[in-house]
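Just below is one structure, and these are the notes that go with it.
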Amino acid sequence: MKLIKFYEKLLSEIEADIEIVIVVAKNFDQRFVDQEKELLKDAGFEGEQDETCLLAEKRKLFVGADSIKSNDIRSASAAAVRALLSRGYKIAKMASYMSHPTCTATLRAQVEGLLLGGYRFERYKSKHSTKGLHKVRIALEEYNGYALDVPAAQRAVDKGIVSAEATNFVRDIVNTAPDDCYPEIMAQIAGELAEKHPRLELEVLTPREMEKEGMGALLAVARASRHEPRLIHLAYKPENPVATVSLVGKGLTYDSGGLSLKPADFMVTMKADKSGGSAVLGILKAVAELHLPIEVHGFVGAVENMIGGDAYKPDDVLRAKNGKTIEVRNTDAEGRLVLADVLCYAQEQVQADYLFDLATLTGACVVGLGQYTSGVMGFAAEPVNRVLYAANTLSGELASKLEFNRFLRKTLKSEVADICNISNTRYGGAITAGMFLGEFIDEAHKDRWAHIDIAGPAFVEHPWGENPHGASGAGVRMIVRLLEKLARGDAHK
Ligand code: BES
Ligand code: ZN
Ligand code: ZN
């Protein structure tokens, strides 16, 4: 499903093959629902969150939502589109949903849900499905009967489209097989974005240039792959920026674990280890389309972690760009090595007001927080809280804070080098990985940095909310919201 359009019309004036009706808080007496109340009851429809009921003769699809809040409406809209994926209806219409006469947040979530729920990845299917919706037309007519401010509603719809399309763009990259999406291809995708948007500029570093930069950690991880690494720097430069933000992404196009090889079952889905880097590209696409007055620099370390005669080894000592030496004790803790160099490079290139990194960094984060929630860490509360607020309150993505502490820092001590790439304890693995990254943050950026471990939500094995199977595009909506808030000049929360 690709197209959403807002119509300055009543529902009855809009042509469509089917109407989608959200049944909010099991209110069967609402005017969109009450006519079909008996039929719905007969069909056993109870109006539970995301429960759907198709009344084909009435040309209506009903879907339940626990409340009219953004998260429930986003999820219900996604469920409705999903229920119609294998049907013949092409064009749907629906009312607009708002939680308050002047708040368009729910309307934006509705649009996001429709586009995110309708996502399909068919690159490798011989037959592309012709079924499912092509268009959804959203009416001016509001669920509560609120009189919409048309320009505000249109803006909410437009923003919802941009953030959902950026998320789906990231899903496409992440879902692509590792042999079709390797570092050079990621750089190519960044190049296509730069060509489309006049305010995007691209610079790509090759291994020779990275050698000159002293990126011994990133280059070691990349060595055994037949695909050369790339450091992608994609920058968005508006005319009068109110702030500058750097984003760093882990772009492991495949993580086999290296010589500390992953067990077979754990290797499957490791094409998704490029989720952080892909999210950075998607965020820049959205920022350029929204024309945000913020200068945003995206840095992606695109690397493949493989085995072979040339592979880096446990016991190797690497020198990162900032001169720190790293004892390798596990080649599967490769993301932090790549990020160490990319973080140093990003800080040298740009003095940013905020520095965020996005990475599928640790299995421990998934164990600790569950597969739906990102872990957010840093030295200072302010950037961390900004991420938490943008994620949980604005975007509908889940994020939770993990605290650094001085005792865990000590577990990274090395007998032979400045630091070890793994901790000497298996407890607190998400935090020790974050603290390792902290060693590569300079004084000037210490209070401006937050690390976001998206290992849990980045890849979906059992669909949830607005996420079908496969890549979720985690991180895109939360950071886009954070940047939008920053652009408004809102004080930090
Ligand atoms: N890419 C993985 C982390 C990961 C695991 C992401 C599961 C998504 C799902 C990372 O490079 C890794 O392998 N980390 C190790 C670190 C360990 C060796 C200290 C891990 O989490 O087991
Ligand atoms: Zn790994
Ligand atoms: Zn990894």
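If you read the sequence from its start, that first residue is 1, and numbering goes on from there. Numbering of ligands and ligand atoms starts at 1, following listing order.
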If only atom types and distance count, is the side chain of N175 paired as donor or acceptor with the main-chain N or O of R171 below 3.5 Å?
yes
Numbering the atoms of ligand 1 from 1, which are under 4.0 Å from a heavy atom of N330?
18 (C)
Does a donor on one side chain sit under 3.5 Å from an acceptor on the other, for D273 and T360?
yes
Pairing of E228 and R208 as salt bridge, 4.0 angstrom limit:
no
Please determine if R223 and D310 form a salt bridge, counting it only when a charged side-chain N lies under 4.0 Å from a carboxylate O.
yes
Listing residue and atom name, which protein N/O/S atoms are closer to the Zn ion (ligand 2) than 2.8 Å?
D255 OD2, D332 O, D332 OD1, E334 OE1
Indicate whether the side chain of T244 and that of E295 have a donor and an acceptor atom separated by less than 3.5 Å.
no
Does R426 have a non-hydrogen atom less than 4.0 Å from ligand 1?
no
Ligand 1 contacted by V366 (non-hydrogen, < 4.0 Å)
no
Answer with side chain, backbone, both or neither: which part of M267 has a heavy atom less than 4.0 angstrom from an atom of ligand 1?
neither
Should the pair F299 and Y345 be assigned to parallel (<30°), tilted (30 to 60°) or perpendicular (>60°) ring geometry?
perpendicular
Give the atoms of ligand 1, by number and element, whose distance to some non-hydrogen atom of E334 is under 4.0 Å.
11 (O)
Option among L339, L412, I431, L361 that satisfies the side-chain contact (heavy atoms from CB on, under 4.5 Å) test with F436:
L412
Walk me through it: do L281 and V170 pass the test side chain to side chain contact (heavy atoms under 4.5 Å, CB included)?
CA-CA 8 Å; L281 298 183; V170 173; 5.9 Å; no
Closest to atom 15 (C) of ligand 1 among protein heavy atoms sits D332 O, 4.0 Å
Return the residue, atom name and 0.1 Å-rounded distance of the protein heavy atom closest to atom 22 (O) of ligand 1.
G363 N, 4.6 Å
Taking non-hydrogen atoms only, is I422 closer than 4.0 angstrom to ligand 1 via side chain, backbone, both or neither?
side chain
Is K446 salt-bridged to E443, going by a charged N under 4.0 Å from an acidic O?
yes
Note: ligand 1 atoms sitting under 4.0 Å from heavy atoms of A455 are 6 (C), 8 (C)
For atom 1 (N) of ligand 1, tell me which residue out of V367, L361, D273, V221 has the closest non-hydrogen atom.
D273
Which of the numbered atoms in ligand 1 are below 4.0 angstrom from a heavy atom of M270?
1 (N), 4 (C), 5 (C), 6 (C), 7 (C), 8 (C), 9 (C)
Can an N, O or S atom be found in K250 less than 2.8 Å away from the Zn ion (ligand 3)?
yes
With a 6.0 Å cut-off (strictly less than), is the heavy-atom count around CZ of R406, excluding the residue itself, greater than 12?
no
Per-atom contacts, ligand 1 versus D255 - under 4.0 Å to a heavy atom
1 (N), 2 (C), 10 (C), 11 (O), 13 (O)
Looking at R82 and E466, does any basic side-chain N land under 4.0 Å from a carboxylate oxygen?
no
Can D179 and R226 be counted as an ion pair, charged N to O under 4.0 angstrom?
yes
Which atoms of ligand 1 sit under 4.0 Å from any heavy atom of K250?
1 (N), 10 (C), 11 (O)
Kindly assign one of parallel, tilted or perpendicular to the pair H451 and W449, based on the angle between their ring planes and the thresholds 30° and 60°.
parallel
Give the single entry among R336, K274, R329, K262 that approaches atom 17 (C) of ligand 1 most closely by any heavy atom.
R336
